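A short write-up of the structure that comes next.
Being a predicted model, the structure only gives us computed values, none of them experimental.
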Amino acid sequence: MNDTPHLPPALATGVGSLPGTDAREAAKAATGSFEDFPHLPELPARGPGADMIGRTAGLLVELYARVEPSGWRIGDRPGRDTLRARSWLGEDLDALEEFTQGYEGLLKVQAVGPWTLAAALELKNGEAALSDPGACRDLAASLAEGLRLHLEEVRRRVPGARLVLQLDEPSLTAVLRGQVRTASGYRTHRAVDRQTVEATLRDVVGVHDGGPVVVHSCAPDVPFALLRRAGVAGISFDFSLLTERDDEVIGEAVEGGTRLFAGVVPGTDAPLSDPAGSVMGVRTLWRRLGLRPGLLPEAVTVTPACGLAGASPGYARSAYAHCVRAARSLADNPE
């Protein structure tokens with residue numbers, strides 16, 4: 001799309017989550033590893049409110065959520081779960097601010113997108129908000145306003161940064177296909193119309209006025225074409241889940257200027273090959289699509305395949321360093 005904000009070249013970054021509970025250690029790892037594209041870390045090991053759904057629920061405006069045995073449920077007023085989520089986010093922002101003094105490059109912040117949030121948050125009757133079109137609209141509007149305020153806060157704390165907003169949408173394909181289970185587990189919610197999904201995403205993407213938005217999903221069959229129509233500047237995915245039937249949409253995305261965030265490094269502890277080996281599949285894809293090799297560093301950012309919350313701290317640090325080296329290999333030897 002011609003009016004989609006441009007995302008400048010950046011070789012590597014993280015997805016979002018890290019192991020452990022220390023905000024300063026996480027901020028140090030994210031800013032130290034990715035000198036030209038750090039991100040705000042998430043630490044779900046701290047418990048409810050630090051998980052991705054609870055963290056984003058804490059951003060909502062005039063909607064609140066609390067933890068029930070079945071998961072997060074929308075409530076009438078901010079309770080201790082909301083306050084805890086906001087407090088942890090504040091800690092993370094404090095730590096990020098400390099390690100980005102004078103920083104003037106790209107900086108990524110993450111939140112759950114409107115459709116994964118609608119699939120995960122329960123209404124008072126215990127069913128997902130996804131079951132009620134009106135609730136989906138209210139949730140998306142509340143999220144959009146919360147994200148606007150969140151981005152303002154990050155700009156205030158790191159005034160020189162160019163912010164990139166990442167929306168995590170691992171449930172998006174399930175929403176489109178009618179695969180999200182009801183509370184009973186015996187049925188699934190009906191598929192949401194693709195135009196409705198696209199329009200809602202476009203509205204939430206538009207809240208980052210003039211800034212680039214990336215959508216991340218480490219699920220199979222990421223809807224590349226729909227996301228591009230919704231105005232995203234980049235799509236983040238698990239590279240190992242691509243098949244040759246994705247070639248056409250990938251080629252169109254690259255030629256249309258959409259940046260690919262290629263998750264090529266495993267998200268949990270695994271032996272790491274040499275950095276060039278990690279991006280061999282990207283080079284192979286490029287040759288198969290007949291794309292110009294010199295385009296690679298402009299079109300691809302290397303990341304882990306998914307968040308690293310389930311990894312050991314040592315592996316997480318190694319994975320970040322490996323992403324940087326793999327990206328450098330791709331830039332130096334794109335052939």
Heavy atoms of other groups near R288 CZ, more than 12 under 6.0 Å = yes
Measure from the side-chain N and O atoms of S142 to the backbone N and O of D138, and report whether any donor-acceptor pair falls under 3.5 Å.
-> no
Atom CZ of R137: over 12 foreign heavy atoms under 6.0 Å = no
Residue among T56, L40, D94 satisfying side chain to side chain contact (heavy atoms under 4.5 Å, CB included) with L89 | L40
Is any side-chain N of the basic residue among D92 and R46 closer than 4.0 Å to the acidic one's carboxylate O?
-> yes
So, R156 and E152, do they make that salt bridge, N to O below 4.0 Å?
-> no
Could you check V264 against V302 for side-chain contact (heavy atoms from CB on, under 4.5 Å), going step by step and ending with a plain yes or no?
-> CA-CA 7 Å; V264 297; V302 174; 3.6 Å; yes
Considering only NZ, NE, NH1 and NH2 on the basic side and carboxylate oxygens on the acidic side, decide whether D221 and R245 come within less than 4.0 Å.
-> yes
Going through the checks in order, is the side-chain contact (heavy atoms from CB on, under 4.5 Å) test met by R194 and V197?
-> CA-CA 5 Å; R194 295 182 79 86; V197 169; 5.5 Å; no
Would you say the side-chain atoms of T13 pair up with the backbone N or O of F37, donor to acceptor, closer than 3.5 Å?
-> yes
Classify the side-chain pair T301/R259 by whether it contains a donor and acceptor separated by less than 3.5 Å.
-> yes
More than 12 heavy atoms from other groups under 6.0 Å of CD on E98 | yes
Using modelled atom types only, decide if a donor and an acceptor are shared between the side chain of E35 and the backbone of T31 within a distance under 3.5 Å.
-> no
Nearest 0.5 Å please: distance from the CD atom of E122 over to the OG atom of S70.
-> 3.5 Å
Crowded around R283 CZ? As in, over 12 foreign heavy atoms under 6.0 Å?
-> yes
Does CZ belonging to R80 count more than 12 external heavy atoms closer than 6.0 Å?
-> no
Can you pull the side chain to side chain donor-acceptor pair (under 3.5 Å) pairs that have at least one residue in residues 108-121, sequence neighbours excluded?
-> E42-Q110, K108-Q110, K108-Q166, T116-E169
Stepwise side-chain contact (heavy atoms from CB on, under 4.5 Å) test for L242 and F237 = CA-CA 9 Å; L242 286 186; F237 57 96; 3.6 Å; yes
Rounded distance [0.5 Å steps], CG in L11 versus CG in L330 = 8.5 Å
With distance as the sole test, does T188 use its side chain to make a donor-acceptor pair with the main-chain N or O of R181 at under 3.5 Å?
-> no
Side chains of W72 and D81: is there a donor and an acceptor less than 3.5 Å apart?
-> no
Note: R66-E68 ion pair, threshold 4.0 Å (strictly below) = yes
Take W286 and V254 through the side-chain contact (heavy atoms from CB on, under 4.5 Å) test and state the conclusion after the steps.
-> CA-CA 10 Å; W286 232 247; V254 171; 3.7 Å; yes
CG (L139) and CG (L130) are apart, to the nearest 0.5 Å, by 10.0 Å
What do you reckon, are the aromatic ring centroids of H39 and Y320 less than 6.0 Å apart?
-> yes
d(L107 CG, L165 CG) to nearest 0.5 Å is 11.0 Å
Test applied, side chain to side chain contact (heavy atoms under 4.5 Å, CB included); reference residue, V213; option that passes from V207, V205, L227 = V205
Exam field: side chain S131 to backbone E127, donor-acceptor pair closer than 3.5 Å | no
Taken to the nearest 0.5 Å, the spacing of L143 CG from D203 CG works out to 11.0 Å
R287, CZ atom: more than 12 neighbouring heavy atoms under 6.0 Å | yes
Verify, without hydrogens or angle tests, whether T196 (side chain) and V192 (backbone) share a donor-acceptor contact under 3.5 angstrom.
-> no
Between CZ of F34 and CG of L106, what distance do you get to the nearest 0.5 Å?
-> 13.0 Å
Whether S278 side chain and V265 backbone form a donor-acceptor pair below 3.5 Å | no
